[in-house]
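Below: one structure, written as structure tokens.
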Amino acid sequence: MQFRKLGASGIEVAPLVLGGNVFGWTADKQASFAILDAFMDAGFNAIDTADVYSIFVPGHKGGESETVLGEWMKARGNRDKVVLITKGGLPMGEDLKGLSKGYLPRACEASLQRLQTDYIDVYMSHRADDTVPIGETLEAFQGLIDAGKIRSAGASNYTNAQLADALACTGPGKAAYTSFQPHYNLAKRDEYEGEAEDLCVKHNLGVITYFSLGAGFLTGKYRSEADFGKSPRGGGMKRFLNPRGLAILAALDAAAERHDATPAQVAL
């Protein structure tokens with residue numbers, strides 16, 4: 001396996017990172033364990049989750065994915081082999097949100113407890129918080145680094161302006177973001193390619209995309225409205241079923257056939 005440096009974090013990851021959004025949701029504990037085992041057995045090492053997965057599901061309270069992941073690491077005794085990435089800052093309940101010095105350490109501690117570990121390799125702000133100065137957020141991240149709770153800090157879902165402001169806010173006692181997580185895939189390229197990509201190259205940020213398979217669309221599983229019932233995410237595929245989306249699927253099919261591969265492999 002060819003590992004890559006994740007920006008200036010000092011952390012090395014394999015070329016594919018496993019997203020844990022579905023653990024404890026559409027993938028129950030048994031299925032999640034099987035997926036995680038297969039991922040690690042194939043030589044990969046980095047797993048991405050977040051505290052809010054899956055608070056958006058009726059009856060869930062958040063933390064389901066982290067809980068399953070923590071139980072798996074404990075059962076396998078492999079914490080030292082996993083590059084653990086999680087995110088905080090989105091609402092987890094009343095007054096449980098944001099990137100302030102008062103809340104972010106609490107969110108991190110709650111994630112550590114669910115993950116059954118004493119440190120997180122990459123801890124990301126899940127979304128920018130306009131109610132808190134970026135300097136305060138970076139001070140909170142530095143405090144977590146100094147305490148040994150996290151190894152590095154990253155940002156997800158920042159606009160170009162927000163990311164530029166964060167990268168310019170340097171100084172003593174402030175962590176520097178070393179990774180960025182944008183929405184990016186073969187069908188959604190405009191948010192990252194261009195200014196955001198230039199910022200990441202200039203500041204040596206490691207980039208870990210999300211929705212890399214378009215929530216399943218780029219696997220070829222959804223080709224008409226009749227396919228929407230194949231998963232709880234199926235209804236969201238309607239946004240892709242247009243001439244451009246169907247052209248992308250046709251191109252994936254052609255490339256997959258030429259290379260004896262699947263559309264998902266080609267998309268990644």
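- Residues Glu66 and Thr49 bring no donor and acceptor atom of their side chains to less than 3.5 Å of each other.
- With sequence neighbours excluded, the residues satisfying salt bridge (Lys or Arg N to Asp or Glu O under 4.0 Å) with Asp121 are Arg79, Arg151.
- Chaining together hydrophobic side chains whose heavy atoms lie under 4.5 Å apart places Ile208 alongside Leu6, Ile11, Val13, Val17, Val83, Ile85, Val122, Met124.
- Between Pro182 and Glu191, every side-chain heavy-atom pair lies at or beyond the 4.5 Å cut-off.
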*Give the C-alpha distance, both sets of side-chain angles, the deciding distance and a yes or no for side chain to side chain donor-acceptor pair (under 3.5 Å) between Asn185 and Tyr210.*
CA-CA 8 Å; Asn185 57 53; Tyr210 73 86; over 6 Å; no
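- For residues 144-167, the pairs satisfying ring-ring contact (aromatic ring centres under 6.0 Å, His included) are Tyr158-Tyr177, with sequence neighbours left out.
- Within 6.0 Å of CD on Glu193 lie more than 12 heavy atoms contributed by other residues, nucleotides or ligands.
- Tyr192 pairs by the ring pair (Phe, Tyr, Trp, His ring centres under 6.0 Å) definition with Tyr184, not counting sequence neighbours.
- Put simply, Leu16 and Leu36 are part of the same group of oily side chains (I, L, V, M, F, W, Y) that touch within less than 4.5 Å, one to the next.
- Side-chain atoms of Met73 and Leu84, non-hydrogen and from C-beta on, do get closer than 4.5 Å to each other.
- In this structure, Asn204 has no side-chain hydrogen bond (donor to acceptor under 3.5 Å, both in side chains) partners at least two apart in sequence or on a different chain.
- The 12-atom threshold is not exceeded at CZ of Arg189, counting heavy atoms of other residues, nucleotides or ligands nearer than 6.0 Å.
- Applying the side-chain hydrogen bond (donor to acceptor under 3.5 Å, both in side chains) test to every pair with at least one member in residues 94-105, sequence neighbours left out, gives these pairs: Lys101-Glu139.
- In terms of heavy atoms, Lys87 sits closest to Ser156 at CD-CB, 4.1 Å.
- In terms of modelled atom types and a separation under 3.5 Å, the side chain of Arg244 and the main chain of Ala187 share a donor-acceptor contact.
- In this structure His203 satisfies the side-chain contact (heavy atoms from CB on, under 4.5 Å) test together with Leu167, Leu199, Leu205, sequence neighbours excluded.
- Contact check for Ile150 versus Tyr119: no side-chain heavy atoms found under the 4.5 Å cut-off.
- A distance-only check finds no donor-acceptor pair linking the side chain of Ser54 to the backbone of Phe56 [under 3.5 Å].
- Of all heavy-atom pairs between Ala140 and Leu104, the closest is CB-CD2, 4.0 Å.
- Note on Asp37 versus Arg76: salt bridge recorded, some NZ/NE/NH1/NH2 to OD/OE distance being below 4.0 Å.
- Annotation: salt bridge (Lys or Arg N to Asp or Glu O under 4.0 Å) contacts of Glu71 (sequence neighbours excluded): Lys29.
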What donor-acceptor contacts under 3.5 angstrom involve side-chain atoms of residues 258-268, with partners at least two apart or in another chain?
| unit_1 | atom_1 | unit_2 | atom_2 | d |
| --- | --- | --- | --- | --- |
| Thr262 | OG1 | Gln265 | N | 3.1 |
| Thr262 | OG1 | Gln265 | OE1 | 3.4 |
| Gln265 | OE1 | Thr262 | N | 2.9 |

_Test side-chain contact (heavy atoms from CB on, under 4.5 Å) applied to Tyr123 and Leu112, step by step_ = CA-CA 11 Å; Tyr123 192 45; Leu112 289 169; over 6 Å; no
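- Using the six-membered ring where Trp is involved, Phe44 and Phe39 have ring planes that are parallel, under 30° apart on the 30 and 60° scheme.
- A donor atom on one side chain and an acceptor atom on the other are not found under 3.5 Å apart for Asn157 and Gln162.
- The heavy-atom pair separating Met40 from Lys81 by the smallest distance is CE-O, 3.6 Å.
- Contact between Pro91 and Val52 at its shortest, heavy atoms only, is O-CG1, 3.7 Å.
- Residues passing the side-chain hydrogen bond (donor to acceptor under 3.5 Å, both in side chains) test with Glu64, sequence neighbours excluded: none.
- Qualifying ring pair (Phe, Tyr, Trp, His ring centres under 6.0 Å) partners for Phe3, counting only residues two or more places apart in sequence or in other chains: none.
- When the side-chain hydrogen bond (donor to acceptor under 3.5 Å, both in side chains) test is applied to Ser32, no partner is found at least two apart in sequence or on another chain.
- Nearest heavy atom pair, residue Gly220 against residue Leu249, reads CA-CD2, 4.1 Å.
- Here CG of Asn160 is found 9.0 Å from CG of Asp198. Values are rounded to the nearest 0.5 Å.
- In this structure, Ser212 and Thr209 approach most closely via the heavy-atom pair OG-OG1, 2.6 Å.
- In summary, Asp190 and Lys188 engage in a salt bridge, as defined by a charged side-chain N under 4.0 Å from a carboxylate O.
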